[in-house]
Amino acid sequence: MFGLVDCNNFYVSCERVFQPRLEGQPVVVLSNNDSCIISRSQEAKALGLKMGEPYFQVREQLRQHGVQVFSSNYALYGDMSRRVMHYLGQTVPGVEIYSIDEAFLDLGGLQRHLTPYLGKLDELASEIRAQVKQRTGIPTCVGVAPTKTLAKLANRLAKKDAALGGVLYLDSPERRRWALGQVAIGDVWGIGRQYAHKLTAVGIDSAADLAKVSEAWARKMLGGVVGARLVRELQGYPCAGLHPSEDGTLSRQSISCSRTFGRPLTAQADVLAAVTSFLSRAAEKLRRQGDQAYVLTVYVQKNRFDSRVPPPYSRSATLTLPGGPTADTLVLARYAAHLLARVWEPGTVYHKAGVVLDGLEPPSSGQQLGLFAAPAAVVVPPAPVLVTKRADLMAQVDALNARYGRGTVRLGSTVPALAVMAGHTRAPWQGQAHWQSPAFTTRLEDLLTVR
DNA sequence: TATACGATGACGACTAAT
DNA sequence: CCGCATTAGTCGTCATCG
């Protein structure tokens, strides 16, 4: 049996925890560079504001209705997420952190101290919900069902119907049949816009309709094995297990960093500064995870919303690192510069860039190489003492940046000389964040004062 | 003026090895 | 040496989800 804990309007809820005046108010949180709406309070949803809506298109509407607007504050949201996940980890034996605001729980074999809840999983779910609220201030809903897909579905219904008290346990086939009939096809986990359109065209309008199709049909219509699994899960047969998150953290298979620029860029030196900066961030995340990367991708994007700009909007270049896996920012940055030159088209106006680290694996010790090992003849191991010095250097840089703030120590190539000479404090690729709340939980000077 | 970011997986085209 | 089939891997693009 699976539980799904999903925080309500998570980013808005995080802002509300530290600013109770926001309760009952329409509130939205904007994405990076104050571009798009990415979190809405119930009151904001009631005004018709949509997820992903560009800010500049609704600015007037927000002003008219007195909507409280926030730039995103990921330091705060990440910290609140850790608090929620930490409590869940302490409480149930298996927790899979699915996203910043969601976790799957293994409610199959409960530990002894939870056995009073056996057969009363709705009571356990209610208790978890109440404890998360009390300990972190974050409201949640909990769905419980025999498969992950049904737990997602139960969670959605728990959110929709306030009479359920934030919890729905699909404990019987009858309840499951009822629940399937309540959910529109496009709201099923794994059914996006394309599939929803395809399915409604042939009269499949609800989760219940989809649960009735044959496996062969699902394979044909919904991308092979993925579709077959989805239908089986709706029928109550688990096809996906729980992947517990080790000590409350998530280990990624890939790490990326990308941003839309503060303004369109045409100079390769400016984009290189951006790419190098993104690469530095990605490499920091890589080292924090304790891994090395074997594959590096750099991509650049034009403005796909500009009708004068013809597709393709994006170009990428990927490289399997000739020197083998590394977590060294300087090594990675050197290759990133080459990859940027490969995708660069002179005379193009660029809008966004990003880097991706793939083929992540822990540092290999001695001769032992991992999944992505190159042929032995090609592997040229650097002198061990040098590796140690470089690893030490990276550790020192990470420590300084952690202590004195991100960007205290950074690569020279992230700082375009012209920008410095012109006295700009902000690099041309950096955006704005006009309405950021204080880092209530992670910066000493921003801590709340209680009188 | 202005339209997110990050993670995952699928697929087609291509290459190398067997 | 070539042609063919198969497999694994690489690389670029696209779609989906939260």
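Just so we're on the same page: letters track the sequence lines, and every chain starts at 1. Every heavy atom of this structure was used, including side-chain atoms; hydrogens, water molecules and symmetry mates were not.
Residue-level contact check: A:Y98 touches the backbone only, with heavy atoms under 4.0 Å from sugar-phosphate atoms and none from bases. Nucleic acid contact for A:Q57: base, since at least one base atom lies under 4.0 Å from a heavy atom of the residue. When heavy atoms are screened at a 4.0 angstrom cut-off, A:K50 is found touching no nucleic acid atom at all. Residue contacts for A:L30: at a heavy-atom cut-off of 4.0 Å it reaches no nucleic acid atom on any strand shown. Looking at heavy-atom distances under 4.0 Å, A:I255 makes contact with sugar-phosphate atoms alone, never a base. Across all strands, A:G190 comes closer than 4.0 Å only to sugar-phosphate atoms, never to a base (heavy-atom distances).
Residue A:H351 has no polar side-chain atom (N or O) positioned under 4.0 Å from OP1 or OP2 of B:dA2. The phosphate of B:dA2 has neither OP1 nor OP2 within less than 4.0 Å of any side-chain N or O from A:S35. Residue A:R342 has a polar side-chain atom (N or O) positioned under 4.0 Å from OP1 or OP2 of C:dG12. For the OP1/OP2 pair of B:dC5 and a distance below 4.0 Å, the side-chain nitrogens and oxygens of A:K352 include at least one atom meeting the criterion. Considering only side-chain N and O atoms, A:R281 lies nowhere under 4.0 angstrom from the phosphate OP1 or OP2 of B:dC5. For C:dC17, neither phosphate oxygen OP1 nor OP2 lies less than 4.0 angstrom from any side-chain nitrogen or oxygen of A:K152.
In this structure, of B:dA2, B:dC5, C:dC17, it is C:dC17 that holds the atom nearest to the side chain of A:W189. Looking at the side chain of A:F56, the nearest of the listed nucleotides B:dT3, B:dG6, B:dA7 is B:dT3. Checking B:dG6, C:dT13, C:dC11 against the side-chain heavy atoms of A:T320 singles out C:dC11 as nearest. Comparing atom distances between the A:T260 side chain and each of C:dG18, B:dT3, C:dG12 picks out B:dT3 as nearest. Checked against B:dA7, B:dT3, B:dT8, the side chain of A:C36 finds its nearest nucleotide in B:dT3. For A:S258, the listed nucleotide lying nearest its side chain is B:dG6; candidates were B:dG6, C:dG18, B:dT3. Picking from B:dT8, C:dG18, B:dT3 the nucleotide with the shortest atom distance to the side chain of A:S99 gives C:dG18. Comparing atom distances between the A:T318 side chain and each of C:dC11, B:dC5, B:dT3 picks out C:dC11 as nearest. Side-chain atoms of A:I38 lie closest to B:dA4 of the nucleotides B:dA4, B:dG9, C:dG18.
Although no hydrogens or angles enter the test, the distance criterion places a donor-acceptor pair under 3.5 Å between the side chain of A:S206 and the main chain of A:A208. With hydrogens and angles disregarded, no donor-acceptor distance shorter than 3.5 Å links the side chain of A:T297 to the backbone of A:S316. Within the 3.5 Å criterion, the main-chain N or O of A:C141 finds a donor-acceptor partner in the side chain of A:N155. A donor-acceptor pair is defined here as one N or O able to donate and one able to accept, closer than 3.5 Å; no such pair exists between the side chain of A:Q131 and the backbone of A:T91.
When rounded to the nearest whole Å, the span between CG of A:L321 and P of C:dT10 equals 12 Å. Atom-to-atom, CG of A:N33 to P of B:dT1 comes out at 16 Å; the value is rounded to the nearest Å. Between A:Y55 atom OH and B:dT1 atom P there is a gap of 15 Å when expressed in whole angstrom units. Spacing between atom CZ of A:F10 and atom P of C:dC17 amounts to 22 Å, rounded to whole angstrom units. When rounded to the nearest whole Å, the span between CZ of A:R229 and P of B:dT8 equals 15 Å. Atom CD in A:Q253 sits roughly 17 Å away from atom P in B:dG6 (whole-Å rounding). In this structure, the NZ atom of A:K302 is 17 Å from the C1' atom of B:dT3, given to the nearest Å. When the P atom of C:dG12 is taken as reference, atom CG of A:L296 falls 11 Å away, rounded to whole Å.
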Salt bridge (charged side-chain N to carboxylate O under 4.0 Å, His left out) between A:E102 and A:K159, intermediate numbers included: CA-CA 13 Å; A:E102 276 176 84; A:K159 276 197 158 60; over 6 Å; no

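Between B:dT15 and C:dG3, the two P atoms lie 16 Å apart (nearest whole Å). Using atom P as the reference point in both C:dG18 and B:dT3, the two lie 25 Å apart (nearest Å). The same atom, P, is picked in C:dC17 and in B:dT1; the two are 34 Å apart, to the nearest Å.
Between the side chains of A:S437 and A:N73, at least one donor N or O lies within less than 3.5 Å of an accepting N or O. Between the side chains of A:T329 and A:R287, at least one donor N or O lies within less than 3.5 Å of an accepting N or O. Checked by atom type, the side-chain pair A:N9/A:S41 shows no donor-acceptor distance below 3.5 Å.
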Enumerate all atom pairs, one protein N or O and one N or O from nucleotides 12-18 of chain B, separated by less than 3.5 Å.
none

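Secondary-structure annotation of DNA chain B gives the stems B:5-18 with C:5-18, with a stem taken as at least 3 successive Watson-Crick or G-U pairs whose two distances both fall under 3.5 Å.
The residue among A:V356 and A:M51 whose nearest nucleotide of DNA chain B is located toward the 5' end is A:M51. Projected onto DNA chain B by closest heavy-atom contact, A:S254 and A:R259 fall at different nucleotides, the more 5' of which corresponds to A:R259.
Taking the six-membered ring where tryptophan is involved, the planes of A:Y77 and A:Y11 are essentially parallel, since the angle between them stays under 30° and well short of 60°.
A:Q430 CD to A:N33 CG: the interatomic distance, rounded to the nearest 0.5 Å, is 10.0 Å.
Applying the ring pair (Phe, Tyr, Trp, His ring centres under 6.0 Å) test to A:F10 and every residue at least two apart in sequence or in another chain returns nothing.
With respect to the salt-bridge test (charged N to carboxylate O, under 4.0 angstrom), the residues A:E96 and A:K148 qualify.
A donor-acceptor contact under 3.5 Å links the side chain of A:R59 to the base of B:dA2.
Heavy-atom contacts from other residues, nucleotides or ligands closer than 6.0 Å to OH of A:Y74 number more than 12.
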